[in-house]
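Have a look at the structure below, then the notes.
We use all heavy atoms of the structure for the numbers below, so side chains are in, but hydrogens, waters and symmetry mates are not. Keep in mind it's a predicted model, so treat the numbers as computed, not measured. Residue numbers start from 1 in every chain, and the chains themselves are labelled A, B, ... in the order their sequence lines are given, proteins ahead of strands.
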Protein chains: 2
Amino acid sequence: MNLSTSALEERRPSLQAYATAQRERTPYALSIAAMLRLVQEHLPIQRRIVHADDVIYQAGQRCTHLYIANSGFFKLMNGAADGREQVVALHFKGDWLGFDGLATGQYCCDAIAMDIGEVWSVRYATLVERCTEVPALMNLLHAAMSQEMARDRDFQLNLCTLPADARVAEFLRSLVVALERRDLRTDRITLRMSRAEIGSYLGMTLESASRALSRLAREQVIRFAGSGRREVQIPDVKALSDFVQRSVSPSSERH
Amino acid sequence: MNLSTSALEERRPSLQAYATAQRERTPYALSIAAMLRLVQEHLPIQRRIVHADDVIYQAGQRCTHLYIANSGFFKLMNGAADGREQVVALHFKGDWLGFDGLATGQYCCDAIAMDIGEVWSVRYATLVERCTEVPALMNLLHAAMSQEMARDRDFQLNLCTLPADARVAEFLRSLVVALERRDLRTDRITLRMSRAEIGSYLGMTLESASRALSRLAREQVIRFAGSGRREVQIPDVKALSDFVQRSVSPSSERH
DNA sequence: CGAAAAGTTGACGTATGTCAAATATCGTGG
DNA sequence: CCACGATATTTGACATACGTCAACTTTTCG
């Protein structure tokens with residue numbers, strides 16, 4: 001709806017506040033490297049090398065451990081009893097996996113590796129114990145959970161308010177940001193996801209995802225590199241943000 | 001996409017696992033009442049009576065406290081810098097508010113009351129301190145965060161895979177479940193949200209929300225009661241689930 | 001090298017957004 | 001308590017973004 005006349009606007013705080021809050025949604029004070037170091041120092045971890053399609057945990061399995069991605073690229077799949085299924089989150093170095101299982105004692109998603117990587121696992125019971133001794137550890141844990149929630153909220157907003165093309169653009173933009181924060185290459189990005197997975201994650205069909213990417217390439221916002229169409233170059237991240245903005249402004253900000 | 005031929009299916013775990021995981025997504029062992037009791041026992045809380053449209057916290061504000069809904073009905077609004085805005089979550093008795101602020105130290109949503117209610121607030125610093133002394137408290141806290149994440153994941157799946165009518169039906173169904181769990185009336189439900197808010201939450205326009213409700217009423221799945229169209233009766237919750245199912249099965253389970 | 005999988009693209013249909021008008025409801029001041 | 005303006009809701013007609021289906025091309029992998 002056009003917000004300037006909407007009931008939803010009534011209590012809207014200044015956009016300034018949002019801009020501030022959204023500028024950088026990173027756990028304050030702690031870099032990813034520092035976080036990993038802290039975990040290593042205070043917790044007995046078990047390391048595991050994983051390959052694409054390896055399962056970290058599965059829905060229904062008892063949640064005794066939490067996992068931390070030390071490297072690699074992971075997806076979370078959520079499924080309904082009736083067969084509907086979706087990629088609901090992506091995770092990178094420094095992200096925790098398994099939070100979804102703490103409440104019920106069973107994971108409710110599948111966590112799956114999309115690339116070679118290393119996963120650390122920590123017994124939740126041990127983690128709790130150490131948290132009582134090391135407050136910094138508890139803060140870190142809470143920050144990680146909080147960050148995930150905040151991200152999900154932003155993602156949900158994008159899902160619901162951006163047209164398909166802009167959703168893909170925003171997806172790529174946030175991917176660049178995520179990689180930058182981890183000091184990984186961003187000049188040439190290898191999408192580790194199929195079009196079907198991108199579409200699933202972004203709430204559209206694989207065809208729509210494919211068309212959106214083609215359109216972004218046609219408009220020079222991205223470029224395909226190498227063989228296959230999974231290597232993407234992003235000459236200018238701002239061009240991506242601008243593309244998203246253009247999708248938002250011209251039409252009223254409906255829905 | 002039709003999952004039976006999709007690449008997404010490859011590593012799909014048994015639907016059984018999902019069904020189990022989704023059956024009841026409640027923090028294990030602890031009822032809402034018990035949770036509130038535990039909080040009261042171990043934490044210095046400040047109580048506040050709120051009315052519809054009262055602000056619990058705002059995006060950008062420093063996150064020093066967490067809040068717990070003791071009664072009432074709350075919405076979380078998320079907004080982007082460009083003006084896009086959405087109701088991203090609803091909260092009831094026993095739910096915690098403010099987790100989104102822990103990571104950055106600033107809330108990134110607005111939490112707003114939609115009805116008269118009571119909110120408890122707890123200094124986060126105090127909470128952390130007590131958590132180190134009372135493990136049950138820490139477990140409770142983690143369970144609350146975990147539950148919220150798990151809920152959000154299910155919600156996201158519904159947003160992305162259900163048609164508008166089914167989304168509204170599912171919304172009402174989950175509302176009934178939430179009220180039941182809190183021993184609140186479910187024979188006659190007063191929606192405390194405008195059509196615009198329902199639409200915003202469910203990723204559709206207010207007109208679509210209105211039409212969906214009209215359609216559900218026409219098909220006898222719900223009934224409007226009292227004056228206004230904000231009072232809804234749900235003679236049979238199963239009829240709602242069935243309605244959702246009908247929307248999923250006939251067409252292939254695309255997207 | 002050949003078959004299978006992934007990706008692209010076009011034509012077409014439809015769910016849902018958009019715009020607008022009519023009606024119902026609510027809140028306020030007399 | 002009533003009347004009236006403001007707000008919320010409903011409903012219709014129409015437009016369109018995106019899903020659907022299908023053919024074709026490219027890439028991958030054994």
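- By the side chain to side chain contact (heavy atoms under 4.5 Å, CB included) test, B/R173 pairs with B/E170, B/V177, B/V237, B/L240, B/S241, sequence neighbours left out.
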Donor-acceptor list for residues 91-100 of chain A side chains, cut-off 3.5 Å, not counting sequence neighbours:
residue, atom, partner, partner atom, Å
A/H91, ND1, A/D95, OD2, 3.4
A/D95, OD1, A/R182, NH2, 3.1
A/D95, OD2, A/F92, N, 2.8
A/D100, OD1, A/Y57, OH, 2.7
A/D100, OD2, A/C108, N, 2.9
A/D100, OD2, A/C109, N, 3.4

Quick one: do B/E118 and B/R48 satisfy salt bridge (Lys or Arg N to Asp or Glu O under 4.0 Å)? Show the steps, please. CA-CA 6 Å; B/E118 185 180 282; B/R48 173 183 167 203; over 6 Å; no

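- Of the candidate nucleotides C/dT8, D/dT9, D/dC18, C/dT8 has the atom lying nearest to any side-chain atom of A/L206.
- Contacts between residues 210-220 of chain A and DNA chain C, defined by a heavy-atom separation below 4.0 Å, involve A/S210, A/R211, A/S214, listed by number.
- Distances shown here put every side-chain N or O of B/R230 at or beyond 4.0 Å from the OP1 or OP2 atom of D/dA8.
- Ion pair B/D242/B/K238 flagged as a salt bridge, since at least one NZ, NE, NH1 or NH2 atom sits closer than 4.0 Å to an Asp/Glu carboxylate oxygen.
- Salt bridge A/E148/A/R153: absent, no basic N to carboxylate O contact under 4.0 Å.
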Evaluate the criterion side chain to side chain contact (heavy atoms under 4.5 Å, CB included) for residue pair A/K75 and A/V88; output intermediate values, then yes/no. CA-CA 8 Å; A/K75 67 177 174 184; A/V88 288; over 6 Å; no

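- A salt bridge does not link A/R211 to A/D165: none of the charged nitrogens lies less than 4.0 Å from a carboxylate oxygen.
- The stretch residues 185-193 of chain A does not touch DNA chain D, since none of its heavy atoms comes less than 4.0 Å from the strand.
- OP1 or OP2 of C/dG17 sits under 4.0 Å from a side-chain N or O of B/T205.
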Enumerate all atom pairs, one protein N or O and one N or O from nucleotides 23-29 of chain C, separated by less than 3.5 Å.
none

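- Under the rule for a side chain to side chain contact (heavy atoms under 4.5 Å, CB included), A/A52 has no partner lying at least two apart in sequence or in another chain.
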